[in-house]
2 protein chains.
Amino acid sequence: MTSSKPSPRPTEAELDILRVLWDQGACTVREVHEQLHADGGAGYTTVLKLLQIMHAKGLVARDDAQRAHVYRATVSRQRTQKRFLSEMVTRLFNGSPSQLVLHALGETPRASKAELRQIRELLDRIDGGGKSQ
Amino acid sequence: MTSSKPSPRPTEAELDILRVLWDQGACTVREVHEQLHADGGAGYTTVLKLLQIMHAKGLVARDDAQRAHVYRATVSRQRTQKRFLSEMVTRLFNGSPSQLVLHALGETPRASKAELRQIRELLDRIDGGGKSQ
DNA sequence: TTTGACTTACGAAGGTCTTCGTTGACATCC
DNA sequence: GGATGTCAACGAAGACCTTCGTAAGTCAAA
């Protein structure tokens with residue numbers, strides 16, 4: 001039983017921290033804080049508190065071998081993206097993912113050639129492989 | 001100055017109500033409540049309170065000519081979809097809408113032929129018309 | 001050993017969100 | 001007219017989120 005916790009949806013501030021953790025890998029509180037609020041958005045203890053809460057929720061793991069604890073994300077970027085995406089589909093797009101794709105694509109005139117090609121390839125794979133009705 | 005208010009992002013419970021209003025058109029509180037919590041999810045006054053708050057926020061308009069006030073959405077489904085989509089892109093997809101499309105497409109093996117075709121057409125229009133660098 | 005820098009831990013304040021109980025207004029039916 | 005039912009309005013409670021001030025612990029250098 002390794003996956004006993006569904007681990008709750010991250011809040012906005014938590015997402016900001018997760019982004020740092022995903023990009024930088026494991027970080028200390030100070031590193032996250034400097035990455036996120038170098039200008040002075042939120043204080044050091046705010047980030048610390050958030051990380052403690054996230055740890056309690058199971059969103060991050062903590063290595064306290066050193067004095068400055070090191071945090072790393074336990075939820076993957078992919079999984080989180082998927083989760084938010086599917087919530088959005090049910091809440092806002094009548095449960096139709098392709099509707100979401102259509103809308104998102106409409107707002108995306110600045111895609112690179114490579115990306116467009118990637119999308120086409122994926123499309124081919126879906127169309128060719130899984131011809132449902 | 002008709003459009004002085006950006007009108008805040010709807011919360012989850014507010015989104016549920018907006019969905020009803022979008023699908024059914026203008027509704028009384030009772031109608032929304034029965035549509036949403038016929039089983040007994042939340043009480044009548046809860047829906048009423050939410051609609052009052054949404055009215056204060058400018059998310060819905062109210063016609064109080066009759067005793068039972070009639071509410072209708074002032075924000076369109078499209079606009080709201082776009083808004084959530086773009087927030088998601090910046091928060092979760094490094095600002096790249098096509099990345100979002102790619103992911104959403106990956107979770108969409110059950111798209112209908114018609115939808116896939118629609119996506120392809122849109123893709124062609126983007127690719128052909130806006131060939132950037 | 002004392003000082004100072006750095007760190008975690010604790011608790012609390014202020015805000016928003018969601019829910020509901022109660023009240024008073026209004027209409028209808030007997 | 002009085003009882004009954006429906007409605008909007010109000011206030012408040014409880015939960016969660018975000019932020020921060022302060023205390024307490026640890027380590028190294030002076």
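Here is the naming used below: chain letters follow the sequence lines, and residue numbers restart at 1 for every chain. None of the values given here were measured: they were computed from a predicted structure.
- For B/Gln24, the side-chain contact (heavy atoms from CB on, under 4.5 Å) partners are B/Val20, B/Cys27, B/Gln35, not counting sequence neighbours.
- In terms of phosphate contacts, A/Arg30 brings no side-chain nitrogen or oxygen within less than 4.0 Å of OP1 or OP2 of C/dC6.
- The nearest pair of heavy atoms linking B/Trp22 to B/Ala73 is NE1-CB, 3.8 Å.
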Can you give me the N/O atom pairs linking the protein to nucleotides 27-30 of chain C at distances under 3.5 Å, or say none if there are none?
none

When the side chains of residues 40-54 of chain B are checked against the rest of the protein, which donor-acceptor pairs come out under 3.5 Å, sequence neighbours left out?
none

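- By the 6.0 Å contact criterion, CD on A/Gln78 is open, its count of non-hydrogen atoms from other residues, nucleotides or ligands being 12 or less.
- For B/Arg120, the side chain to side chain donor-acceptor pair (under 3.5 Å) test picks out A/Asp124, A/Asp127, with sequence neighbours left out.
- Atom CG in B/Leu51 sits about 12 Å away from atom C1' in D/dA8, given to the nearest Å.
- Base pairing in DNA chain D yields stems of at least 3 consecutive Watson-Crick or G-U pairs, both distances under 3.5 Å, namely C:1-30 with D:1-30.
- Linking ILVMFWY side-chain heavy atoms closer than 4.5 Å, directly or via other members, places A/Phe93 and B/Val101 in two distinct hydrophobic clusters.
- Here the side chains of A/Thr11 and A/Lys57 are in contact, with some heavy-atom distance below 4.5 Å.
- Whole-Å rounding puts the A/Leu48 CG to D/dG25 P distance at 16 Å.
- Remark: nothing in residues 79-86 of chain B comes within less than 4.0 Å of DNA chain C through any heavy atom.
- The two residues A/Ala26 and A/Val70 have their closest heavy-atom pair at CB-CG1, 3.5 Å.
- B/His33 has its NE2 atom 16 Å from the P atom of C/dT18, to the nearest Å.
- Residue B/Gln52 places none of its side-chain N or O atoms closer than 4.0 Å to OP1 or OP2 of D/dA8.
- Following rounding to the nearest Å, A/Gln66 (CD) and C/dC6 (C1') show an atom-to-atom distance of 14 Å.
- B/Glu12 meets the side-chain contact (heavy atoms from CB on, under 4.5 Å) test with A/Arg9, A/Arg91; sequence neighbours excluded.
- Here salt bridge (Lys or Arg N to Asp or Glu O under 4.0 Å) pairs that include residues 67-81 of chain A, with residues two or more places apart or in two chains, are A/Asp23-A/Arg77.
- Checking side-chain atoms of B/Thr74 against main-chain N and O of B/Gly58 turns up a donor-acceptor pair under 3.5 Å.
- In this structure, B/Arg62 atom CZ and D/dC7 atom P are separated by 15 Å, rounded to whole Å.
- Legend: residues meeting side-chain contact (heavy atoms from CB on, under 4.5 Å) with A/Glu115, ordered by chain and number and at least two apart, are A/Ala111, A/Ser112, B/Ser96, B/Ser98, B/Gln99.
- Taking every heavy atom of residues 68-77 of chain A and every atom of DNA chain C, pairs under 4.0 Å involve A/Ala68, A/His69, by number.
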Distances under 3.5 Å only, N/O to N/O: pair up the protein atoms with those of nucleotides 17-20 of chain D.
unit_1	atom_1	unit_2	atom_2	d
D/dT18	OP1	A/Ala13	N	3.2
D/dT18	OP2	A/Thr11	OG1	2.5
D/dC20	OP2	A/Gly43	N	2.7
D/dC20	OP2	A/Thr46	OG1	3.0

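- Regarding B/Asp64, its CG atom lies at a distance of 13 Å from the P atom of C/dC26, rounded to whole Å.
- For B/Glu87, the CD atom sits in a packed shell: over 12 heavy atoms of surrounding residues, nucleotides or ligands are nearer than 6.0 Å.
- Residue B/His55 contributes atom NE2, which lies 19 Å from atom P of D/dC7 at whole-angstrom precision.
- One hydrophobic cluster, built from ILVMFWY side chains closer than 4.5 Å, holds both B/Val32 and B/Val75.
- Going from atom CE of B/Met54 over to atom P of C/dT19 covers 13 Å, rounded to whole Å.
- Connection of A/Leu123 to A/Leu102 is established within a shared hydrophobic cluster, with ILVMFWY side chains joined at heavy-atom distances below 4.5 Å, either directly or through further cluster members.
- Within the structure, salt bridge (Lys or Arg N to Asp or Glu O under 4.0 Å) pairs that include any residue of residues 92-107 of chain A comprise A/Glu107-B/Lys82 (at least two apart or interchain).
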